[in-house]
Asker: 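Could you have a look at this structure, given as structure tokens, before my questions?
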Protein chains: 2
Amino acid sequence: MKNPKGTASIQVIERMARLLDALAAYPDSASLKFLSADTGLHPSTAHRILASLAEQGFVERTEAGDYRLGRKLARLGCRVNARLDVRREAQEVMERLRDRIGETVNLTVREGDEVVYVERAIANRMMRVEQVIGSRAPLHVTAVGKMMLAEEGEEAIAAYAERTGLPAFTEHTLTDPEALVTEARAAAERGYALDDEEAELGVGCIGALVRDAGGNVVAGLSVSAPIERRRAEWIPLVRAAAEEISRRLGWNGG
Amino acid sequence: MKNPKGTASIQVIERMARLLDALAAYPDSASLKFLSADTGLHPSTAHRILASLAEQGFVERTEAGDYRLGRKLARLGCRVNARLDVRREAQEVMERLRDRIGETVNLTVREGDEVVYVERAIANRMMRVEQVIGSRAPLHVTAVGKMMLAEEGEEAIAAYAERTGLPAFTEHTLTDPEALVTEARAAAERGYALDDEEAELGVGCIGALVRDAGGNVVAGLSVSAPIERRRAEWIPLVRAAAEEISRRLGWNGG
DNA sequence: TTCTATTTTTCACAATATGAAAATACCGAG
DNA sequence: CTCGGTATTTTCATATTGTGAAAAATAGAA
């Protein structure tokens, strides 16, 4: 059994990644039992890997013996955030936008075939949309995800569709590759994308892209609201906010 | 050659940690050549591990083929930071303290035998002390480090001295285990510690500890200034700021 | 072009991680 | 306090897996 997936990767590292991802899914800490179950790894193997990770500071152990993500990840992670200074720059702009329209504003970055929520400004209303920081969603069910796909061209979208099978989250999810391409192209031309209950029934989003000094897409900004409260007037506001963050990152139009 | 250090760790994970640390030492990106040289790993081995890490998103590759820390680290890291919400809570307090006394304020967390700088509010003066976020310093040459040592008791300080050899950074560095124990105990009793040019000539610090809801030390707050500008009047301000952050984290005195 | 400096792939080998099983630690219930 | 079930940790024989020398490919400089 050699390289079943054709990837030239080291087994332990792939397994470690699975363990860390599983661990990140728990709000605070998790026991060996759950982690080995979630990852499908033999408890003995999971234990050995986790012990090694603990030794290096990638995970920590609670008094109860459970595992949680470690300080070293925070340290290394803050280097990454410092590099793409998005979060820091975005925070203020996001809060202004939230105050202006009264709905939740999210900042997401792409990771593989998904977007990850990295920052947010939550609406202070009884009914609101709220994403957990660190949670993920496939590209094709989110407004910014569709724009990120559009950046890569039609072949890449086709490849994405092939790879993921465009799983449906609601009856409105775009499950047809053709429709996704059309929608993505339209969004790129307009400079914003909508999500009409494609990820969750009753939730509507407006999203726009954030670019760094080099013009590369580094994040996506979006407003998420109950669909009946969403207003077309917000579109220019979302675009302006995304552009404001881009400008702070050194992007001068384009 | 089995477990030369007696540790039951997985080799690849230890090597991966070395590579990531080496990578973190570079401001932006680094080439395979430097990374393998820095870590002492065979280029072939370093390449294979880095490729695997890249596959999992722990590192990314630049257009030039260089390596840099990846998004996944930011994502996992932000989970850690969200847990110990220190940085977010600290930011505002730190800026207020900085504005009050006009000198650089740092937030550090402990990692093994070192403190890591995770947040800061920089003095806006021509001459100022400025630490790079992510950089480190041994416990015994910093104000907060000495307080963190004091938390663990004398035996632990002795063990630390034994382990590290208390390397001298300046002629004022405490290189005698006895002196370090005395100093640490005094600092713990006072509730603050000083650093009198022990890390760098001309730099003086005042540090105090930040505790979470459980009373555990989660970080250290310190003011760093040119030694001749440092004032004893700042001591209560630093302590108050550290306590304010602790309070926000749920700590109610102790 | 040719030469040099890096990066990447290859491959035979043995060191290394694996996982079944046994041992230990941990709890709750009685 | 003891028993019984559960979770964690260690052990150990095994072959799978990662290793690193060397060769191949790639990129740059002259």
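This is a predicted model, so every value here is computed, not measured. All values below come from the heavy atoms of this structure, side chains included, with hydrogens, waters and symmetry mates left out. In the text below, chain A, chain B and the rest are named by the order of the sequence lines, each starting its count at 1.
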Asker: For the side chain of B:S44, counting heavy atoms from C-beta on, which of C:dT18, D:dT8, C:dT10 is nearest?
Answerer: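 Given the options C:dT18, D:dT8, C:dT10, the side chain of B:S44 is closest to C:dT10.
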Asker: Under a 4.0 Å N-O cut-off, is there an ion pair linking A:E14 with A:R18?
Answerer: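 Result for this pair is yes, salt bridge flagged.
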Asker: Does D:dA7 have its OP1 or OP2 closer than 4.0 Å to a side-chain nitrogen or oxygen of A:S31?
Answerer: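 No, A:S31 has no side-chain N/O under 4.0 Å of OP1/OP2 on D:dA7.
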Asker: I want to verify a distance call: between D:dG18, D:dT9, C:dA17, whose nearest atom is closest to the B:I10 side chain?
Answerer: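 Selected nucleotide (nearest to the side chain): C:dA17.
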Asker: Find out whether B:E130 and B:Y117 are in side-chain contact, i.e. whether some heavy atom of one side chain is under 4.5 Å from a heavy atom of the other.
Answerer: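 A side-chain contact under 4.5 Å is absent here.
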Asker: Would B:R110 and B:E152 pass as an ion pair if we require N to O under 4.0 Å?
Answerer: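 Salt bridge flag = yes for B:E152 with B:R110.
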Asker: Looking at C:dT16, I'd like to know if its phosphate oxygens (OP1 or OP2) sit under 4.0 Å from a side-chain N or O belonging to A:Q11.
Answerer: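 So the side-chain polar atoms of A:Q11 never come under 4.0 Å of the phosphate oxygens OP1 or OP2 of C:dT16.
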Asker: Is any side-chain nitrogen or oxygen of A:T45 closer than 4.0 Å to OP1 or OP2 of C:dT18?
Answerer: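 Looking at the OP1 and OP2 atoms of C:dT18, neither is under 4.0 Å from any side-chain N or O of A:T45.
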Asker: Reckon B:R48 has a side-chain N or O less than 4.0 Å from the OP1 or OP2 of C:dT8?
Answerer: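 For C:dT8, OP1/OP2 do not have a side-chain N/O of B:R48 under 4.0 Å.
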Asker: Are any of B:H47's side-chain N or O atoms less than 4.0 Å away from OP1 or OP2 of C:dT8?
Answerer: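 So the side-chain polar atoms of B:H47 do come within 4.0 Å of the phosphate oxygens OP1 or OP2 of C:dT8, strictly under.
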Asker: Using atom CE of B:M16 as one end and atom P of D:dG18 as the other, report the distance to the nearest whole Å.
Answerer: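 Computing the B:M16:CE to D:dG18:P distance gives 13 Å.
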Asker: What is the separation between atom CD1 on A:I13 and atom C1' on D:dT17, rounded to the nearest whole Å?
Answerer: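 To the nearest whole Å, that distance equals 12 Å.
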Asker: Can a side chain N or O of B:H42 be found less than 4.0 Å away from OP1 or OP2 on D:dA21?
Answerer: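 Checking B:H42 against D:dA21: at least one side-chain N or O falls below 4.0 Å of OP1 or OP2.
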Asker: Would you say A:R15 places a side-chain N or O within less than 4.0 Å of OP1 or OP2 belonging to C:dG19?
Answerer: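 Yes.
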Asker: Hey, what do you get for CD (B:E151) to CD1 (B:I157), rounding to the nearest 0.5 Å?
Answerer: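 Answer for the CD-CD1 pair, B:E151 versus B:I157, is 10.5 Å.
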Asker: Roughly how many Å is it from CD in A:E55 to P in C:dA17, rounded to a whole number?
Answerer: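 After rounding, the gap between these two atoms is 12 Å.
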Asker: For A:I49 and D:dT17, what is the distance between atoms CD1 and P respectively, to the nearest whole Å?
Answerer: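 Rounding to the nearest Å, CD1 of A:I49 and P of D:dT17 are 12 Å apart.
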Asker: How many Å lie between CG on B:L50 and P on D:dT19, as a whole number?
Answerer: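 After rounding, the gap between these two atoms is 12 Å.
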